[in-house]
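To start, the structure itself, in structure tokens.
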Amino acid sequence: MDEISLKILLIGDSFVGKTSLLLKYCDGQFPEAHMATIGVEFKDKIINVGKWKVRLQIRDTSGQERFRSITQNFYRNADGIIFVFDVTKTETFNHIKDWLLDAQVEDSDIKRILVGNKTDLAENRVIDKAKMESFAETKKMKSFETSAKNGSNVDLIFTEIASLILANKTEKEINE
């Protein structure tokens, strides 16, 4: 069977760990030092989801305000969006509302999930799981907690977004 290509975006403020999640997932590495993403970075990974061979085309977007116009160009072609915030920084969680507005996905078929990253920093945590889950529920999204550093739930979020996208397609659409 041919592989299915799905375009996935990682969206959120600068330094919430989008690039770290991408590198942990695709390369199995956690960068100890990191610079801000400029524009958009790309990585692909082939996985199996059910009976399907899926190529995830993952776009890691810059969280910097000056690159938002570039980032917005990728929304319209996305199959799924992973909205990422840092559980140790309240403002990154509060800004998810702005990212949702930027993406204009409230009423679209684009599948989305909310991810609270950096759970390995438990002693600095300010956003608890219940608050994240409650917000995600109001936005009709699933939510997950991750740690790019220790790998907790990193594979899960990418498999889950692929599963959500494929569950919304008919077998005919997938084969086309």
Checklist line | Leu10 side, atom CG; Leu22 side, atom CG - distance, nearest 0.5 Å | finding: 6.0 Å
Note to self: With heavy-atom distances below 4.5 Å as the criterion, would you say the side chains of Lys111 and Ile161 are in contact?
What the structure shows: yes
Next item on the list: Start with the C-alpha gap between Trp99 and Asp13, add the side-chain angles, then the distance that decides, and say whether side-chain contact (heavy atoms from CB on, under 4.5 Å) holds.
Entry: CA-CA 9 Å; Trp99 289 109; Asp13 285 1; 2.8 Å; yes
Margin query: Does this structure show an ion pair linking Lys118 with Asp86, if we count only N-O contacts that are shorter than 4.0 Å?
Written below: yes
Check: Any chance NZ of Lys45 has more than 12 other-residue heavy atoms, nucleotides or ligands included, within less than 6.0 Å?
Finding: yes
Check: Does the distance from a Lys or Arg side-chain N to an Asp or Glu carboxylate O, for Lys43 and Asp27, drop under 4.0 Å?
Finding: yes
Margin query: Is the shortest side-chain heavy-atom distance between Phe93 and Val126 below 4.5 Å?
Written below: no
Item checked: Note, Arg112 side chain near Leu100 side chain (heavy atom, < 4.5 Å) -> yes
Check: What is the distance from atom CD1 of Ile47 to atom CD of Glu3, rounded to the nearest 0.5 Å?
Finding: 11.0 Å
Next item on the list: Check the pair Arg55, Asp44 against salt bridge (charged side-chain N to carboxylate O under 4.0 Å, His left out), reporting the backbone distance first and the verdict last.
Entry: CA-CA 7 Å; Arg55 175 180 298 273; Asp44 288 4; 3.4 Å; yes
Next item on the list: Any chance you could measure Asn94, atom CG, to Phe135, atom CZ, to the nearest 0.5 Å?
Entry: 9.0 Å
Note to self: Quick one: does any side-chain atom of Thr159 pair with a main-chain N or O of Leu156 as donor and acceptor, under 3.5 Å?
What the structure shows: no
Notebook entry, point to check: Taking 4.0 angstrom as the limit, do Arg125 and Asp120 come out as a salt bridge?
Noted result: no
Margin query: So Phe30 and Val154, do their side chains get closer than 4.5 Å, heavy atoms only?
Written below: no
Notebook entry, point to check: Distance from Asp102 atom CG to Phe83 atom CZ, nearest 0.5 Å?
Noted result: 9.0 Å
Check: Could you give the distance from CD (Glu145) to OG1 (Thr119), rounded to the nearest 0.5 Å?
Finding: 6.0 Å
Margin query: Please give me the minimum heavy-atom distance between Val49 and Ala162, naming the atom from each residue.
Written below: CG2-CB, 3.9 Å
Check: Do side-chain atoms of Asn117 reach the backbone of Ala148 as a donor and acceptor pair under 3.5 angstrom?
Finding: yes
Margin query: As a quick check of understanding, evaluate side-chain contact (heavy atoms from CB on, under 4.5 Å) for Met132 and Leu114, giving each step before the final call.
Written below: CA-CA 8 Å; Met132 176 187 70; Leu114 178 64; 3.7 Å; yes
Notebook entry, point to check: Does any non-hydrogen side-chain atom of Lys53 lie less than 4.5 Å from one of Ile46?
Noted result: yes
Check: Looking at Lys18 and Asp60, does any basic side-chain N land under 4.0 Å from a carboxylate oxygen?
Finding: no
Item checked: Spacing of NZ belonging to Lys89 relative to CG belonging to Leu121, to within rounding of 0.5 Å -> 8.5 Å
Checklist line | Pairwise side-chain contact, Ile11 with Ile82, heavy-atom cut-off 4.5 Å (strictly under) | finding: no
Margin query: Can you confirm whether Ser152 sits close enough to Thr146 that some side-chain heavy atom of one is under 4.5 Å from a side-chain heavy atom of the other?
Written below: no
Note to self: Checking Cys26 against Ile58 for the side-chain contact (heavy atoms from CB on, under 4.5 Å) test, could you report, in this order, the C-alpha distance in whole Å, the side-chain angles of both residues, the deciding distance, and whether it holds?
What the structure shows: CA-CA 9 Å; Cys26 291; Ile58 307 165; 4.0 Å; yes
Check: Between Glu133 and Glu137, does a side-chain contact (heavy atoms from CB on, under 4.5 Å) hold up when you go through it step by step?
Finding: CA-CA 6 Å; Glu133 288 173 341; Glu137 190 175 313; over 6 Å; no
Check: Are side-chain heavy atoms of Thr90 and Ile127 found at a separation under 4.5 Å?
Finding: yes
